[in-house]
Amino acid sequence: MFIELVEWFARNGRPLPWREPDTSPWAILVCEVMSQQTPVARVLPAWEEWMKRWPTPRDLAEASPSEVLIAWGNLGYPRRALRLRECGGVVAKEYGNQLPREREKLLTLPGIGPYTADAIIAFAYRERSVVLDTNIRRVLARALAGEELPPKSLRKAEVARAEELVPDDGELAAQWNAAVMELGALVCTAKNPKCELCPIAEECQWLQHGRPANAAPRKAQGFEGTHRQARGKIMAALRKTPTGLSRTELVAESGLSEVRFAPALESLLEDGLAQTHRGRVTLPR
DNA sequence: TTCCGGCCTA
DNA sequence: TAGGCCGGAA
């Protein structure tokens with residue numbers, strides 16, 4: 001399985017700039033955080049500009065929150081932009097501006113959870129780690145367990161199953177993780193997978209069993225999204241006018257009704273994504 | 001309109 | 001361990 005996947009990756013992997021060997025660990029961290037929520041096509045230009053502007057953790061930490069939020073633009077989930085900046089501050093102060101390599105230390109950094117820590121260990125430091133993002137989880141669920149999709153939350157058994165496949169050698173482990181992830185992104189997709197292009201189709205339990213649908217289909221998103229959407233509209237208005245707006249102007253600019261506006265603004269203030277300043281609402285200074 | 005995701009909180 | 005957080009593609 002290793003050879004098939006790594007050879008497939010060598011031929012079919014996308015030439016993404018952060019895969020260049022001279023990419024710094026910090027640049028890879030930035031890319032991972034951006035990619036947590038956003039398709040590669042939109043991360044690409046944002047990452048290029050971001051790294052040119054703030055090449056090291058300290059550079060980012062020294063920028064103001066409002067600058068950072070404006071540069072983050074519409075990448076989504078702006079709390080993560082603030083956490084990334086805080087993360088830069090911790091790395092600058094506690095680790096001499098060098099991203100640590102130990103998993104336990106990475107996990108203490110703001111905005112860095114198990115997936116991102118493992119991805120950094122693999123892709124920045126080329127050391128062995130068990131990377132489990134949704135792409136990899138889906139590929140393994142299909143190939144090994146014959147299931148269409150993995151469960152929502154990670155169980156120990158799933159980690160153990162993945163662990164067995166990761167090579168001992170760090171460089172080979174990094175290649176394995178990258179190859180499985182890319183297969184999930186390009187071929188073994190959630191919908192309409194291209195099994196005819198899959199290098200491990202012969203071994204895939206899911207394909208051999210006729211691609212059965214998941215036992216319990218994921219429940220529909222329903223009616224949510226309105227609050228998040230309202231937050232997004234307010235953030236967009238604040239990015240557009242960094243000098244700030246009166247509350248009345250902000251209601252108008254966001255196009256929200258008062259009943260949607262009020263709780264959304266309140267939650268943004270609580271999250272530190274906005275602040276009030278002499279009767280005006282602004283991005284955090 | 002529906003779908004996607006890693007971190008964090010409760 | 002489930003649910004909230006964002007925006008754009010399909």
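These numbers come from the heavy atoms of this one structure, side chains and all, not from hydrogens, waters or symmetry mates. Naming convention: chains lettered A, B, ... in sequence-line order (proteins, then strands); numbering from 1 in each chain.
The neighbour count for A/Glu196 CD, taken as heavy atoms of other residues, nucleotides or ligands under 6.0 Å away, is above 12.
In this structure, the nucleotide among C/dG4, B/dC7, B/dG5 sitting nearest to the side chain of A/Arg79 is C/dG4. Considering only the side chain of A/Asn74, C/dG8 comes nearest among C/dG8, B/dC3, B/dC7.
Heavy atoms of A/Asp133 sit under 4.0 angstrom from primed sugar atoms or phosphate atoms, though from no base atom. Here A/Tyr77 lies in heavy-atom contact (under 4.0 Å) with a base. Within the nucleic acid shown, A/Pro114 comes within 4.0 Å of sugar-phosphate atoms alone, with no base atom in reach, counting heavy atoms only. Within 4.0 Å of A/Ile234, counting heavy atoms only, lies no atom of the nucleic acid at all.
B/dC4 atom P lies 8 Å from atom CG of A/Leu149, rounded to whole Å. The separation between A/Arg239 atom CZ and C/dG7 atom P is 6 Å, rounded to whole Å. Put simply, CG on A/Leu268 is 10 Å from P on C/dC5, counting in whole angstrom units. Rounded to whole Å, the distance from CG on A/Leu154 to P on C/dT1 is 11 Å. A/Arg228 has its CZ atom 11 Å from the C1' atom of B/dC3, to the nearest Å. The distance from atom CD of A/Gln36 to atom C1' of C/dG4 is 15 Å, rounded to the nearest whole Å. One atom, CZ of A/Arg42, and another, P of B/dC4, lie 16 Å apart when rounded to the nearest Å. Rounded to an integer number of Å, the gap from A/Gln37 CD to C/dG8 P is 12 Å.
Using the six-membered ring where Trp is involved, A/Trp72 and A/Trp50 have ring planes that are perpendicular, over 60° apart on the 30 and 60° scheme.
Of the two residues near DNA chain C, A/Arg155 and A/Lys233, the one whose nearest nucleotide lies more 5' is A/Arg155.
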Name every donor-acceptor pair, under 3.5 Å, that has one atom in a side chain of residues 272-285 of chain A and the other anywhere in the protein, sequence neighbours excluded.
unit_1: A/Gln275; atom_1: OE1; unit_2: A/Arg285; atom_2: N; d: 3.4
unit_1: A/Arg280; atom_1: NH2; unit_2: A/Gly244; atom_2: O; d: 3.0
unit_1: A/Arg285; atom_1: NH2; unit_2: A/Pro242; atom_2: O; d: 3.3

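The distance from atom CG of A/Asn74 to atom CZ of A/Arg239, rounded to the nearest 0.5 Å, is 6.0 Å.
Taking every heavy atom of residues 116-128 of chain A and every atom of DNA chain C, no pair lies under 4.0 Å.
By the ring-ring contact (aromatic ring centres under 6.0 Å, His included) test, A/Trp47 is found to be paired with A/Trp18, residues two or more places apart in sequence or in another chain being considered. For A/Arg53, the side-chain contact (heavy atoms from CB on, under 4.5 Å) partners two or more places apart in sequence, or in a different chain, are A/Glu49, A/Glu67, A/Ala71. Partners of A/Glu182 by salt bridge (charged side-chain N to carboxylate O under 4.0 Å, His left out), not counting sequence neighbours, listed by chain and number: A/Arg14, A/Arg19.
Contact check on A/Lys240 versus A/Glu253 returns a salt bridge, with a Lys/Arg side-chain nitrogen under 4.0 Å from an Asp/Glu carboxylate oxygen. A salt bridge does not link A/Arg103 to A/Glu127: none of the charged nitrogens lies less than 4.0 Å from a carboxylate oxygen.
Checking the phosphate oxygens (OP1, OP2) of C/dC5, a side-chain nitrogen or oxygen of A/His227 falls inside 4.0 Å.
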Using atom names, set out every protein N or O paired with an N or O of nucleotides 8-10 of chain B below 3.5 Å, distance rounded to 0.1 Å.
unit_1: B/dC8; atom_1: OP1; unit_2: A/Gly111; atom_2: N; d: 2.6

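Counting only heavy atoms from C-beta outward, the side chains of A/Cys195 and A/Arg211 approach each other to under 4.5 Å.
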